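For reference, the structure discussed in these notes is given below.
So you know, we letter chains A, B, ... as the sequences are listed, proteins then strands, and number each from 1. Just the heavy atoms: all of them, side chains too, but no hydrogens, waters or symmetry mates, feed the values below. The structure displayed is predicted, hence computed values, not measured ones.
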Amino acid sequence: MDLHFGDSKPTDEERAAIDALLGPPESAWEGASDRTDTDLRWARGGRAARERRDLLLPGLHAVNDRVGWISEGALDYLCRRLTVPPAEAYGVATFYSMFAVKPRPATVLHVCTDLACASRDSASLCAGLEARLGPAGTPSGAGVLWEKSPCLGLCERAPAALVIRAGAEPAAEMGPGKRLLGALSGGDPLPGERTRATAVIGPATVDSAILAATAPETAPEEPPAALAVPQAGQDGLVLLKNIGVVDPYDLDDYRSHGGYTALRTAFSIGPAGVIREVKDSGLVGRGGAAFPTGVKWQATASQPDHPHYLVCNADESEPGTFKDRVIMEGDPYALVESMTIAGYAIGARQGYLYLRGEYPRALERLTHAIEQARSRGLLGENIMGQGYDFDIEIRRGAGAYICGEETALFNSIEGYRGEPRSKPPFPVEKGLFGKPTVENNVETLVNVLPILTMGAQAFAAIGTEKSTGPKLFCVSGNVERPGIYELPFGATLGDLLELAGPPERLKAVLLGGAAGGFVRADELDIPLTFEGTREAGTTLGSGVVLALDDSVPLPRMLLRIAEFFRDESCGQCVPCRVGTVRQEETLHRIADRTGAAAAEDIALLREVGAAMKDASICGLGQTAWNAVESAIDRLGAYE
Amino acid sequence: MTAPAMPRNSSAVPLGLPRRLIEFTLDGQEVRVPEGSTILDACRAEGKDIPTLCEGDTLRPKNACRVCVVEVEGARTLAPACSRKAEAGMTVRTDTERARHSRKIVIELLASSVDLSTTPKVAEWIKEYDAKPDRFGPDAARLNEEPRVDNDLYVRDYDKCILCYKCVDACGDQWQNTFAISVVGRGFDARIAVEHDGPLTESACVYCGNCIEVCPTGALSFKSEFDMREAGTWDESQQTQTTTVCAYCGVGCNLTLHVQDNEIVKVTSPHDNPVTHGNLCIKGRFGYQHVQNRD
Ligand SMILES: Cc1cc2nc3c(=O)[nH]c(=O)nc-3n(C[C@H](O)[C@H](O)[C@H](O)COP(=O)(O)O)c2cc1C
Ligand code: SF4
Ligand code: SF4
Ligand code: SF4
Ligand code: FES
Ligand code: FES
């Protein structure tokens with residue numbers, strides 16, 4: 001490969017940010033200022049450097065975290081360092097919504113306008129911000145850019161907002177009260193340089209959002225994760241038992257509450273034993289596709305090709321979903337332990353945790369937990385003296401729902417555009433870096449702990465025959481106590497809403513998020529199981545239960561869903577790339593119409609929807625019409 | 001039963017042992033194809049025509065356009081014929097309501113957003129599938145791109161681009177290894193561009209024109225063709241094609257000279273040439289301008 005670069009040079013900050021991640025450059029070719037004889041080695045462009053392509057996304061983050069946008073000079077310098085063609089890197093940088101390739105203010109205020117927040121009047125919040133800061137997307141005089149955002153995964157605190165201020169990483173201390181968003185190796189601040197800060201605000205008001213955007217470092221502390229768990233501390237919880245009970249920073253506290261007994265069990269029964277238990281438990285994936293976890297593990301474990309990888313999908317971006325965040329913030333060691341067990345079972349030595357880019361507190365707590373585990377011999381070489389080596393690396397997403405699709409996630413980690421791959425081949429055979437890979441959702445993984453501690457039989461006895469175990473539900477919208485609820489599979493929608501305090505005039509419930517479907521207020525006896533929702537012609541998806549009362553105009557919700565898919569389509573295939581645009585346009589047209597005035601457009605929606613469902617490459621396009629269809633057919637929208 | 005089809009790109013892969021034959025049902029008929037063949041290979045061997053856009057004879061299809069979808073019995077979704085491999089015992093139908101519906105919508109979605117005026121066969125397909133691109137209304141979003149004329153050799157008119165990825169693949173690891181272009185942006189805003197979305201002259205492009213060779217829509221065209229089309233003088237019926245050997249170096253690539261009114265108006269290369277597979281370098285591709293300009 002013969003790379004071509006322009007003349008743009010990185011600034012000192014940009015260079016420092018990249019060097020802090022990659023180490024100092026070795027040659028002038030890579031951008032070092034002094035010419036040395038090592039220049040001759042630039043031609044190693046071949047293998048050694050190309051193998052670092054997966055550092056492209058962390059490199060883009062490093063620059064964006066520090067400067068707030070990615071300049072031509074910074075991009076070119078990063079490309080030289082990694083031997084990546086600049087056109088490709090530009091294609092990657094422009095794929096993610098958290099990155100900008102044009103200058104913008106260092107502080108960006110992301111205001112959620114998605115479903116749960118819309119049901120709690122994000123519209124007024126936006127109107128207020130517009131009055132004070134000007135229209136969304138245009139920099140204000142105050143050095144703040146405010147933007148409308150898809151679901152931030154903070155739905156229990158709707159309407160929610162997130163502030164990210166770019167700058168040098170402040171002294172890298174972690175612990176209660178600290179926040180960070182970025183690699184710890186951000187490099188030392190240059191004299192007078194602004195420091196990075198983030199703040200999460202929810203429920204947000206115009207004043208609190210603007211205040212936090214102006215001074216994120218002094219914004220009020222987020223409430224503990226347990227506040228998102230109305231059942232916290234109750235007896236009988238399985239997945240949520242530690243939340244609000246165990247200090248998320250304290251490994252000893254975790255161990256004294258039974259932490260790491262599951263890993264001990266795993267070592268005593270061996271990898272095949274673990275897979276057998278997971279199979280016998282009947283556990284299926286909680287990320288949305290409901291694939292049997294043990295089958296996936298076995299298929300990967302038995303692949304002759306090596307290395308094997310474990311990937312934890314913590315991209316959580318389905319609107320209305322926030323369960324993985326609550327686990328990661330409230331019980332981070334549980335995820336570290338369960339990833340270790342999964343890695344052991346499938347014969348992986350390296351695990352990747354692909355974390356949603358907009359989750360600063362989860363990033364900080366997991367980073368801390370991984371370091372603690374490493375320093376105590378629970379990660380790294382020879383874990384617990386059992387001769388098993390395993391480590392976990394966190395990779396941050398950068399604002400792209402599609403990167404939660406399993407193969408798009410691989411491409412994202414590898415430093416390519418987050419476009420789904422065509423299957424076959426399946427990840428168990430050719431996944432991350434083309435190697436056999438197990439990818440699991442956060443909630444799926446933490447279920448492995450009770451499977452090993454209580455035994456497969458006892459676990460399978462929870463729930464129904466076909467949907468075993470406990471399940472987390474993300475309840476939001478017009479309920480009294482939004483939050484994450486744990487119930488055994490088999491409870492009905494009504495049971496769940498009763499716990500959360502349903503609205504007086506419930507109009508509809510969205511199950512499974514934007515990719516899911518609406519059900520009516522008179523369908524509360526639907527059992528919340530995979531088979532039960534399927535029979536009822538709907539889906540459990542990622543566990544979203546979004547209750548809407550009659551104050552929320554349905555056409556607006558449907559438009560929001562359509563906008564979401566239009567914005568998040570990767571653009572690869574025609575049915576989804578153009579179909580999601582046509583769907584949104586059509587819903588706009590009929591926003592205020594009903595009956596015969598809408599009929600022709602509804603017929604058009606059906607036709608486009610059928611093609612999206614049938615002919616799109618991946619689940620995004622295939623489900624982009626589901627919720628709208630269910631609103632028309634089940635709720636009688638536009639009648 | 002007809003003769004087995006050859007798998008696509010078979011000439012690019014040295015043939016080892018004769019391949020096992022696979023038997024499956026295609027539109028109710030038993031067919032046999034060598035292992036590794038796609039459904040499209042089988043269809044073509046049977047003389048069935050299925051629309052294709054992102055598939056190309058010298059490239060691995062990206063299977064992004066989805067105009068070639070067919071119904072595979074038992075599958076939840078339709079399958080792209082261009083890339084789904086035939087499997088023993090599978091039952092494939094190419095002409096069901098469902099498959100035709102998706103093809104029609106794909107054609108409508110493209111025709112309502114992209115300028116397909118120079119995409120061969122589209123007019124036929126619009127008729128065959130009774131597609132009505134206008135039904136999305138006058139306000140339906142279009143690409144709205146202006147032609148980029150930033151060099152003397154070729155023009156990038158992305159208003160005609162269906163984002164088939166062929167140029168990117170030809171420029172990248174499948175042929176040219178120059179990586180001058182990429183898909184940038186996301187969703188409906190995704191476009192083909194060089195780094196920083198700048199002009200071609202500031203990119204890594206070496207003007208091999210191999211991207212033009214594979215572009216199925218005319219979004220990429222020789223400057224000579226682009227100018228003649230603008231002037232209204234482009235007339236394929238008045239053109240002759242002569243294949244010769246490039247004289248610039250000793251490799252011996254085949255050039256097909258397209259001549260109108262005694263002027264070379266573009267240069268292609270036969271895709272079945274075992275050495276070049278349609279790929280050339282700047283000299284073979286654009287040397288004619290040099291020759292003509294010297295006259
Ligand atoms: C568009 C799209 C987005 C997805 N987002 C997520 C996600 O954020 N988290 C997740 O765990 N799975 C997500 N999935 C599902 C994954 O592709 C995959 O099925 C899952 O991670 C497998 O893990 P599991 O078997 O443990 O559920 C998404 C799928 C699609 C099609
Ligand atoms: S369905 Fe949508 S998101 Fe999925 S590959 Fe196609 S364009 Fe991309
Ligand atoms: S002319 Fe050649 S180098 Fe230039 S973009 Fe096209 S394929 Fe790439
Ligand atoms: S320019 Fe041509 S080859 Fe490239 S993506 Fe567009 S249509 Fe395909
Ligand atoms: S945080 Fe606003 S909808 Fe989830
Ligand atoms: S030709 Fe098959 S998907 Fe494009």
Q: Identify which part of B:R76 has an atom lying under 4.5 Å from any heavy atom of chain A, answering side chain, backbone, both or neither.
A: both
Q. With a 4.5 angstrom heavy-atom cut-off, which part of A:E585 approaches chain B: side chain, backbone, both or neither?
A. side chain
Q.
Among A:A400, A:S616, A:C570, A:S97, which residue has the highest count of heavy-atom pairs closer than 4.5 Å to chain B?
A. A:C570
Q: Considering only heavy atoms and a distance below 4.5 Å, find which of A:G579, A:P575, A:G6 pairs most often with chain B.
A: A:P575
Q) Which bit of B:K104 is near chain A, if near means a heavy-atom gap under 4.5 Å: side chain, backbone, both or neither? A) side chain
Q) Can you tell me if A:H588 uses its side chain to pair, donor with acceptor, with the backbone of A:L559 under 3.5 Å? A) no
Q) Can you tell which of B:N63, B:L109, B:T77, B:I105 has the highest number of heavy-atom pairs within less than 4.5 Å of chain A? A) B:L109
Q) Between A:R52 and A:D54, does a salt bridge (charged side-chain N to carboxylate O under 4.0 Å, His left out) hold up when you go through it step by step? A) CA-CA 5 Å; A:R52 299 165 66 186; A:D54 68 295; over 6 Å; no
Q) Residue by residue, which of residues 155-171 of chain B have a heavy atom closer than 4.5 Å to a heavy atom belonging to chain A? A) B:I162, B:L163, B:Y165
Q | Residue, of B:S113, B:A190, B:A141, B:A180, that accumulates the most heavy atom pairs under 4.5 Å with chain A | A | B:A141
**Q.** N-O pairing of B:E108 and A:R582 below 4.0 Å
**A.** no
Q | Donor + acceptor pair across side chains of B:N210, B:R285 (<3.5 Å) | A | yes
Q.
What part of A:V581 gets within 4.5 angstrom of chain B, counting heavy atoms only: side chain, backbone, both, or neither?
A. side chain
(Q) Is B:R135 close to chain A through its backbone or its side chain, or both, or neither, when contacts mean heavy atoms under 4.5 Å? (A) both
(Q) Return the CD to CG distance between A:E14 and A:D76, rounded to the nearest 0.5 Å. (A) 10.5 Å
Q.
Is it the case that the side chain of A:E72 and the backbone of B:H196 share a donor-acceptor pair, with hydrogens and angles ignored and the cut-off at 3.5 Å?
A. no
Q) Does A:Y401 have its ring centroid less than 6.0 Å away from the ring centroid of A:F564? A) yes
**Q.** Approximate separation, where rounding is to 0.5 Å, of A:L604 CG and A:T586 OG1
**A.** 5.0 Å
Q: State whether B:R19 and B:E35 are salt-bridged, where the test is any N-O pair (Lys NZ or Arg NE/NH1/NH2 against Asp/Glu carboxylate O) under 4.0 Å.
A: no
(Q) If we ignore hydrogens and angles and just use 3.5 Å, is the side chain of B:R191 paired with the main-chain N or O of B:F188 as donor and acceptor? (A) yes
Q.
Please check: side-chain N/O of B:S102 versus main-chain N/O of B:A99, any donor-acceptor pairing under 3.5 Å?
A. no
Q) Given a strict heavy-atom distance threshold of 4.5 Å, which part of B:V69 is in contact with chain A: side chain, backbone, both, or neither? A) side chain
Q. Any donor-acceptor pair under 3.5 Å linking the side chain of B:E71 with the backbone of B:V92?
A. no
Q. Which residue out of A:V574, A:D614, A:V578 racks up the most heavy-atom pairs below 4.5 Å with chain B?
A. A:D614
(Q) Using only atom types and a distance under 3.5 Å, with no angle test, would you say the side chain of A:E405 pairs donor to acceptor with the backbone of A:A408? (A) yes
Q. Where on A:D7 is there a heavy atom nearer than 4.5 Å to chain B: the side chain, the backbone, both, or neither?
A. neither
Q: Without swapping roles, check the side chain of A:N64 against the backbone of A:V67 for a donor-acceptor pair under 3.5 Å.
A: no
(Q) Taking 4.5 Å as the heavy-atom cut-off, does anything in residues 120-128 of chain B contact chain A, and if so which residues? (A) none
(Q) With no hydrogens and no angle check, just 3.5 Å: does a side-chain donor-acceptor pair link A:S8 and A:Y77? (A) no
Q. Chain A heavy atoms under 4.5 Å from B:S203: which part of the residue, side chain, backbone, both or neither?
A. backbone
Q: Counting only heavy atoms closer than 4.5 Å, note whether A:R417 contacts chain B via side chain, backbone, both or neither.
A: side chain
Q: Check whether A:I402 gets within reach of chain B through its side chain, its backbone, both or neither, counting any heavy atom under 4.5 Å.
A: neither
(Q) Taking side chain as everything from C-beta outward and backbone as N, CA, C, O, which of these in A:K102 sits under 4.5 Å from a heavy atom of chain B? Side chain, backbone, both or neither. (A) neither
(Q) Can you see whether B:D150 engages B:T201 through a side-chain donor-acceptor pair at a distance of less than 3.5 angstrom? (A) no
Q: Check side chain to side chain donor-acceptor pair (under 3.5 Å) between B:R100 and all other residues, then give those that pass, not counting sequence neighbours.
A: B:D95
Q | Partner chain A: residue of B:D197, B:V67, B:D173 with the largest heavy-atom pair count (under 4.5 Å) | A | B:D197
Q: State whether A:E600 and A:R606 are salt-bridged, where the test is any N-O pair (Lys NZ or Arg NE/NH1/NH2 against Asp/Glu carboxylate O) under 4.0 Å.
A: no
Q. Pick from A:E419, A:R566, A:M612, A:K613: which one has the most heavy-atom pairs with chain B under 4.5 Å?
A. A:E419
(Q) Salt bridge check, A:D315 against A:R356: does any charged N sit closer than 4.0 Å to a carboxylate O? (A) no
Q) Under 3.5 Å, side chain of A:T623 to main-chain N/O of A:N626, donor-acceptor pair present? A) no
Q: Measure distances from A:F565 to the heavy atoms of chain B and classify the residue's part below 4.5 Å as side chain, backbone, both or neither.
A: neither
(Q) Checking the side chain of B:S182 only, and the main-chain atoms of B:V184 only, is there a donor and an acceptor separated by less than 3.5 Å? (A) no
**Q.** Part of residues 86-95 of chain A lying next to chain B, heavy-atom separation under 4.5 Å
**A.** A:P86, A:A87, A:E88, A:Y90, A:G91, A:T94, A:F95
Q: Would you check if the side chain of B:E55 reaches a backbone N or O of B:C82 as a donor-acceptor pair within less than 3.5 Å?
A: no
